[in-house]
Amino acid sequence: MNDFHNSAYLGVFLDEMEEQLQLLDDSLLMLESVGCQQDTIQKIFRAAHTLKGSSAVMGFKQLNRLTHQMESVFELIRCGEQEVTSELLNILFDCIDFIKELRHSILGGVMEEGDTTILMGRLEEIRGSASGTPLNHEQSVKKSVPALHIVFDNVQKGKIQTALESGYEVMAIHVHMAEEESMKYVRAKLVEINLTEHGEVAACYPELEMIEKDELFTGTVVYILITRQIQQDIIRSLTHISQIDSVRIEYITALNLDAFIEGKVVPEVEQSKVQEPRKDIVKVNEVQVITEKKVQVAQTVRVDVERLEGLLNLVGELIIDNTRLRSIRAKLSEQFKNNGDINVLNDIASHLNMVVTDLQEGMMKTRMLPIEHLFGRFPRMVRDLAQKSNKEIEFIIEGKETELDRTLIEEISDPLIHILRNSVDHGLELPEERAAMGKPCKGTIVLRASHQGNMIVITIADDGRGIDAEKVKEMAIRKGFVSAEEASHMTEKELVMLIFRSGVSTAQTVTDLSGRGVGMDIVKSHIEKLNGIIDIETTRNEGTVFTIKLPLTLAIIRSLLVKLGRSTFAVPLVNVIEIFRLKTADILTVQGKEVCKFRNQVLPLVRLHRKLQVQEELEPAKDRLFVVIVGLADKRVCLVVDQTIGNQEIVIKSLGNYIGNVSYIAGSTILGDGHVAHILDVGFIARETGSSYEALLAEDMKGEQVDAEGEKYVTFKLSGLDFGIPIYKMKEILPVPEIHPLVSAPAHVLGMIHLRGMLFPVYDLRPQLGMSAFEQAPGSRIMICEVSGHEVGIVVDEVAQVCPLSRAYMEETLDYVLMNSDMLDAIYKQNQQFIHLLNLEKMLNLKIKRKEVG
Amino acid sequence: MQATVSTEQYVVSRLGSEKHAINIRDINEIIKMEHITGVPNSKPFIRGVINLRGRIVPVISLCRRFGIPETPMGAQSRIIVVGYKQEAIGITVDAVEKVTSFQEIEPPLESREVQGAQYMDGIGQSADGLISILNVDRLFGEG
């Protein structure tokens with residue numbers, strides 16, 4: 001056991017180790033995919049070297065030896081003496097894994113290094129097989145190197161002569177660098193800098209700039225130094241520099257000056273004459289210093305996360321105080337209008353406000369990390385999985401610079417790994433299968449991260465076989481999660497969502513990768529715990545897309561504040577889908593449970609007062625209730641609240657261990673007035689109410705849909721004719737903004753519009769209805785509708801009205817009259833009205849996309 | 001606990017007409033009564049939580065713990081913040097009277113008749129008479 005094992009440096013060492021391992025992993029993958037590139041190898045080499053050095057410093061002997069062997073192999077690759085084979089890469093990856101494991105066990109407090117002999121043996125073998133002939137090759141190269149010539153030009157000669165005359169010493173210092181030194185130029189430069197401390201370097205041979213380029217560089221550099229110091233001092237100072245094999249000093253005097261001038265052949269330097277045993281510590285430090293100089297790295301400080309959390313807490317408090325200060329300021333300025341001090345107070349308060357806002361932003365940023373830290377681990381994993389399952393996979397990562405809270409990065413790692421494994425194992429087919437289906441042999445998995453408002457969206461898309469809803473159904477019925485009866489009512493989407501139940505797997509065989517059916521449920525609960533949402537879109541034989549939406553940070557969320565009685569509660573805005581006012585008359589009771597109908601959906605209604613033991617305000621006269629629809633995954637619940645206050649950023653705080661877990665409450669926060677408000681646990685409410693509800697929902701929908709009053713329709717005009725679409729498909733109506741045309745779009749696609757940061761395609765229905773193309777008029781509007789799960793814009797000449805259209809007056813379309821009767825659901829005819837009820841799905845014929853949640 | 005002479009200091013609080021003492025070592029601070037937010041579905045004697053300089057601190061009600069009717073809050077009402085298992089927990093009392101030490105501490109009454117007897121450590125004798133000493137661990141413990 002070494003002294004360093006328990007030292008303060010261990011943490012730094014482990015952190016650094018992780019970085020270097022990651023670097024190695026990445027670069028090796030590069031090596032594998034792109035092939036042998038100089039800078040990749042250079043990178044690998046540096047990483048291995050750093051590892052080697054630091055492990056030696058920390059006293060991990062086995063690790064040091066292993067990394068040394070690895071470095072040697074890399075050296076062979078670098079010299080082009082060892083081909084990069086997959087076998088070699090596998091060994092190297094195994095080595096990295098071993099080191100990773102070692103790192104883990106050190107983290108866990110186990111200082112045993114494990115046995116490296118097998119790996120060492122394998123590395124040795126490779127090296128052995130490679131280094132037979134090549135070494136000779138190297139030597140022959142060396143021999144053919146033309147001897148180094150020192151030639152002074154007139155200026156240098158004059159300088160040296162003057163120096164000699166005025167009593168300086170002039171020396172030719174021969175420095176020979178170690179063979180394995182990777183950055184000879186830097187090293188040579190270092191020597192030069194060192195020498196200038198002792199005197200003036202008049203010249204050096206070969207010129208330093210040439211070293212990098214010159215392949216014939218022997219490793220010996222001769223510096224001509226003008227100095228007053230003695231030989232020993234200079235040698236001593238040079239030996240502090242690592243990776244220098246030997247130093248030899250030759251005095252230049254007036255006597256032998258001429259010889260130099262004519263051109264003097266530098267004799268081979270005898271090896272290791274003045275060599276002092278070097279210390280590894282020095283070496284490591286220097287290597288690091290040099291790499292840092294070479295590669296421009298942003299300066300960083302490692303800070304304990306806990307310390308940051310503490311600071312963030314303090315900032316949170318400051319924000320609350322600031323809010324309070326502002327309100328008292330407003331009060332005081334009202335009271336003492338004419339007091340000069342009040343103005344000063346106002347100035348100070350508004351300045352403080354600005355500073356606090358900046359401070360909060362800054363603190364938040366300290367918690368953010370690019371998701372690269374997480375994504376970086378995956379290429380390697382996917383590669384291994386692909387090899388294991390004999391699949392060819394192209395793994396594409398997009399948006400790795402996306403930043404999110406560091407705690408989230410840790411938390412989503414497992415779910416992502418799980419989904420990726422699934423994609424590789426079940427999603428993608430074997431190359432033969434793919435070829436048979438006419439797909440490229442190489443499967444593609446795309447991992448993408450992006451910001452969307454206050455959310456981060458991560459998608460994992462594969463182009464594999466998709467999820468077979470039938471199989472899921474079978475499995476779910478067999479496991480008894482749903483009855484056959486229930487299952488037959490379920491939409492395909494609902495069936496697919498069943499894979500999130502524990503024990504459901506569509507894999508025929510259980511492999512060691514996945515297939516046991518445990519996991520997806522864990523994935524889901526994990527993501528829900530983070531206030532996130534997971535969704536699947538799948539098409540048979542085309543692939544599956546998992547979409548995960550997460551709040552950017554765990555610590556601060558946007559939330560909707562609502563009042564229940566006299567208490568304030570916060571609902572995470574992520575979960576809020578809609579707020580509307582419900583007529584008490586619209587509340588129905590189905591199977592003893594209250595439900596309400598909204599946009600043709602039947603949703604369970606939850607009276608929060610009772611669940612949260614809040615005194616209900618006894619105002620019987622209220623015929624309209626505030627209802628907040630919250631959603632989690634596919635579940636929707638209507639919450640009855642007394643009042644909505646507004647949305648606000650809140651800092652999530654736990655209730656602490658003493659109170660523990662409390663139903664319906666996910667945590668607490670402190671409001672601007674200093675009071676505590678609870679955050680509703682939407683997941684819990686949705687699970688509780690949603691699950692008890694699923695069954696009746698399906699049954700009830702059918703009955704509800706045929707309503708005597710008739711559905712509500714939005715009617716609009718196109719070229720003078722009346723059309724209608726059901727209102728539940730309607731999202732929004734807006735004046736026509738600038739439409740950006742798209743290249744090579746079909747005639748009925750006008751282009752895209754930009755609406756609150758989202759892009760929507762805009763369609764013109766006229767071409768398909770046999771009308772002339774769209775011309776903008778003052779009454780023109782764009783209706784944002786939901787068609788096959790997509791939100792699209794449709795231009796119309798005029799939006800007429802919203803009215804219920806009774807089915808009684810609807811007539812089937814006359815197939816034999818119309819060319820394309822599919823496009824019409826029905827024709828509504830009453831009094832003088834004649835309204836075409838359009839079927840947008842069939843008209844636009846969009847690829848079905850399941851509605852995203854949230 | 002034996003009847004011993006103690007140099008320990010205690011903070012004496014009042015609840016209705018009853019006086020209780022808490023060892024000063026257990027007490028983090030004493031603050032004025034502030035807005036308490038109830039925590040639905042939690043333990044019945046938990047009155048709620050307060051914001052103590054950015055920390056969420058649970059507050060328990062001694063009255064509810066002892067099973068006696070809640071006393072009304074007044075200007076004298078205080079929250080005594082006590083350290084318990086690395087957390088801070090507040091106790092609402094009607095008033096905090098003084099800091100004192102007891103010449104003699106006697107074992108608590110065996111009797112079940114006294115409300116909250118199971119939360120007492122003993123009875124301290126001072127110039128003002130007898131004051132029951134609260135056992136913080138038992139007060140907060142056992143659900």
Side-chain angles (χ1 to χ4, degrees), chain A residues 309-324 555 563-570 607-616 650-681 684-685 688, chain B residues 22 26-29 31-65 70 72-73 77-92 119 134-143:
Chain A
E309 300 272 307
L311 283 176
L312 194 71
N313 253 341
L314 288 179
V315 171
E317 242 175 278
L318 204 55
I319 290 167
I320 292 160
D321 281 346
N322 185 40
T323 327
R324 299 174 74 174
K563 264 227 140 58
L564 285 171
R566 277 155 70 203
S567 325
T568 307
F569 289 88
R607 304 258 185 180
L608 281 177
H609 302 80
R610 293 168 206 169
K611 294 199 189 276
L612 296 172
Q613 300 157 7
V614 178
Q615 198 84 59
E616 235 167 314
I650 56 169
V651 181
I652 300 179
K653 294 181 183 247
S654 126
L655 278 173
N657 289 332
Y658 185 64
I659 292 186
N661 283 334
V662 179
S663 320
Y664 307 111
I665 290 176
S668 296
T669 186
I670 294 167
L671 298 177
D673 60 1
H675 292 180
V676 180
H678 299 304
I679 302 164
L680 290 181
D681 188 347
F684 189 87
I685 296 171
E688 189 189 63
Chain B
I22 299 173
D26 291 330
I27 295 176
N28 291 355
E29 59 188 303
I31 55 171
K32 285 191 178 160
M33 184 58 74
E34 58 175 273
H35 180 90
I36 300 176
T37 305
V39 181
N41 308 313
S42 60
K43 295 164 193 154
F45 57 90
I46 292 180
R47 197 156 174 171
V49 289
I50 55 164
N51 164 21
L52 183 66
R53 293 190 300 281
R55 268 195 305 166
I56 306 270
V57 172
V59 174
I60 70 161
S61 156
L62 267 192
C63 297
R64 291 193 210 167
R65 194 57 167 147
E70 199 102 40
M73 270 192 237
S77 296
R78 294 288 184 274
I79 298 172
I80 303 176
V81 181
V82 175
Y84 172 71
K85 290 187 185 167
Q86 269 117 46
E87 279 190 75
I89 299 176
I91 302 169
T92 54
Y119 308 119
L134 292 173
N135 180 322
V136 172
D137 283 347
R138 257 179 273 157
L139 193 63
F140 295 138
E142 89 219 24

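Numbered from 1 within each chain, the chains take letters A, B, ... in sequence-line order.
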Report summary line: Whatever's closer than 4.5 Å to a heavy atom in chain B on A:S567 counts as neither
Query raised in the report: Could you walk me through whether A:T568 and B:T37 pass the side chain to side chain contact (heavy atoms under 4.5 Å, CB included) check?
Result: CA-CA 9 Å; A:T568 307; B:T37 305; over 6 Å; no
Query raised in the report: Can you say whether B:L52 sits under 4.5 Å from chain A via the side chain, the backbone, both, or neither, judging by heavy atoms?
Result: neither
Report task. Please confirm whether the backbone N or O of B:F140 pairs with a side-chain atom of A:Y658, one donor and one acceptor, at under 3.5 Å? Result -> yes
Report summary line: Minimal heavy-atom distance between A:V662 and B:P40, with the atoms involved, is CG1-O, 2.7 Å
Report summary line: Looking only at B:I89, B:N41, B:I50, most heavy-atom pairs under 4.5 Å shared with chain A are made by B:N41
Report task. Look at A:L314, A:I665, A:N657, A:T669 and state which one has the largest set of heavy-atom pairs under 4.5 Å with chain B. Result -> A:N657
Requested in this report: Look only at the side chain of A:H678 and the backbone of B:G38, and say whether a donor-acceptor pair between them is shorter than 3.5 Å.
Outcome: yes
Report summary line: Across all chains, not counting sequence neighbours, the side chain to side chain donor-acceptor pair (under 3.5 Å) partners of B:R55 are none
Query raised in the report: Looking at B:K85, B:H35, B:Q86, which one has more heavy-atom pairs under 4.5 Å with chain A than the rest?
Result: B:H35
